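The structure under discussion appears below in the form of structure tokens.
Worth knowing before you read on, the calculation uses all heavy atoms, side chains too, and leaves out hydrogens, waters and symmetry mates. Note that the structure is a prediction, hence the values are computed from the model and not measured. Position 1 is the first residue of the sequence, and the numbers go up from there.
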Amino acid sequence: MKRKILAMILALTMAGTLLAGCQSSSGGTQNEAETPEEPVELYVFIAASLSNAMEELKTMYQEENPNVDIKYNADSSGTLQTQIEEGAQCDIFFSAALQQMDALAEGGYVQESDVTDLLENKVVLIKPVGGETSVTGFSDITNAANLALAGEDVPVGQYARKIFDNLGITDQVMAMEINEGANVTAVLTAVAEHSNEVGIVYSTDAASMPDDVEVIAQATEEEVGEAVIYPVGLVKDEQATEAQTEAAKDFYEYLQSDEAAAVFETYGFAVGQ
């Protein structure tokens, strides 16, 4: 009888051990089957004047979302608009002016409901640090020997031309020796390198090179005729996977977060205008 009881106890013990082993094995198999989030490439077109702030935000975002590889295309908003219209793959467009975003909305490339007027900047007149000029503001800009000015399809160049029109000096300015830049970065570089006596950029660009350029004057909203607004929007990317679309929405929302706002403000942008 004792032998039968001992055999039963031994059998039960072995069964318990086997069951525990199966559960452990099953749990281990489940953990091993877990896979990381799908790698995603996100194509974000940004105005050149946003480059520094957006690079910092990219680093911060990818620390929390390592599976998202953000690829920036930085240039003038007009150039980026054309690229999107010609079929370049883009998930998010961050423009330095409303005009380019409005044109894309009218063309059906973005939904108006997916666009946010996120930032505001200022237009400034600059000279090289240590450079000599008798120019004191936009109204007497023609006193300069030459001028670095962004092209007509570049937002800062468009704002500059509105200032000239509003001051009634367009013909005189256009008669000057002008070094036309492909984007605001080109204008900033030309002045920083003393290639031009004065130039017109955004205040955030001037602030990024305090050892190289000096602000002579900041244009008022009356001189420009409007506020300098930076809209950001989701682009209808027909080539995007479902994962890309979701990542684009998430990064778009992240750009509107308090965390992102703090970064934009450190670079001189006004947020929530």
Side-chain angles (χ1 to χ4, degrees), residues 37-51 53-58 60-62 64-65 67-121 152-159 183-184 202 204 225-265 267 269-273:
E37 292 184 74
E38 176 185 344
V40 175
E41 289 187 342
L42 202 57
Y43 298 92
V44 183
F45 286 21
I46 61 174
S49 53
L50 287 163
S51 295
M54 291 296 282
E55 283 295 338
E56 184 170 335
L57 288 172
K58 172 182 176 179
M60 293 167 59
Y61 183 80
Q62 289 183 323
E64 299 297 325
N65 302 272
N67 64 306
V68 181
D69 181 13
I70 300 173
K71 296 184 179 298
Y72 285 141
N73 178 17
D75 210 323
S76 76
S77 299
T79 297
L80 298 175
Q81 174 197 337
T82 300
Q83 291 174 354
I84 292 170
E85 291 171 338
E86 292 179 347
Q89 185 170 12
C90 175
D91 300 296
I92 295 174
F93 177 43
F94 206 159
S95 176
L98 296 171
Q99 177 180 329
Q100 289 73 24
M101 188 68 77
D102 289 345
L104 290 176
E106 290 173 9
Y109 297 93
V110 299
Q111 291 276 10
E112 288 187 14
S113 59
D114 293 330
V115 176
T116 299
D117 294 345
L118 189 59
L119 307 176
E120 183 177 351
N121 210 339
E152 291 182 283
D153 66 335
V154 183
V156 73
Q158 295 168 342
Y159 289 129
N183 52 48
V184 70
Y202 294 117
T204 52
E226 61 183 295
V228 179
I229 303 298
Y230 281 51
V232 58
L234 290 170
V235 178
K236 297 179 183 177
D237 183 0
E238 302 297 338
Q239 305 174 59
T241 63
E242 184 177 344
Q244 277 179 298
T245 300
E246 290 304 312
K249 290 179 181 177
D250 189 66
F251 188 55
Y252 171 69
E253 292 174 0
Y254 176 74
L255 293 175
Q256 301 172 59
S257 68
D258 291 341
E259 185 177 5
V263 172
F264 285 127
E265 288 171 349
Y267 285 92
F269 292 98
V271 182
Q273 300 303 307

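- Closest non-hydrogen pair, Gln81 versus Phe93, comes out as N-CZ, 4.5 Å.
- Between Leu255 and Met54 the shortest side-chain heavy-atom distance falls below 4.5 Å.
- Here the closest heavy-atom approach between residue Tyr61 and residue Ala247 is recorded as OH-O, 4.1 Å.
- Here salt bridge (charged side-chain N to carboxylate O under 4.0 Å, His left out) pairs that include residues 92-113, with residues two or more places apart or in two chains, number zero.
- Annotation: salt bridge (Lys or Arg N to Asp or Glu O under 4.0 Å) contacts of Glu56 (sequence neighbours excluded): none.
- For Tyr230 and Tyr202, the gap between ring centers is short of 6.0 Å.
- Tyr109 OH to Ile84 CD1: the interatomic distance, rounded to the nearest 0.5 Å, is 9.5 Å.
- We find the CD-CG distance between Glu246 and Leu42 to be 11.5 Å, quoted to the nearest 0.5 Å.
- Minimum interatomic distance between Thr116 and Gln256 (heavy atoms only, all atoms of both residues): OG1-OE1, 3.5 Å.
- A donor-acceptor contact shorter than 3.5 Å is absent between the side chain of Thr204 and the backbone of Phe269.
- In this view, Ala240 and Asp91, Asp237, Gln244, Thr245 satisfy the side-chain contact (heavy atoms from CB on, under 4.5 Å) rule, not counting sequence neighbours.
- Heavy atoms of other residues, nucleotides or ligands lying less than 6.0 angstrom from CD of Glu152 number 12 at most.
- Counting heavy atoms from C-beta on, the side chains of Val235 and Leu104 never come closer than 4.5 Å.
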side-chain contact (heavy atoms from CB on, under 4.5 Å) evaluation trace for Lys71 with Gln89: CA-CA 11 Å; Lys71 296 184 179 298; Gln89 185 170 12; over 6 Å; no
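- Between Ala243 and Glu38, the shortest heavy-atom distance links the atoms CB-OE1, 3.8 Å.
- Between the side chain of Tyr72 and the backbone N or O of Ile46, no donor-acceptor pair lies under 3.5 Å.
- At least one side-chain heavy atom of Leu119 sits less than 4.5 Å from a side-chain heavy atom of Leu50.
- With a 4.5 Å cut-off on side-chain heavy atoms, Asn65 and Asp250 count as touching.
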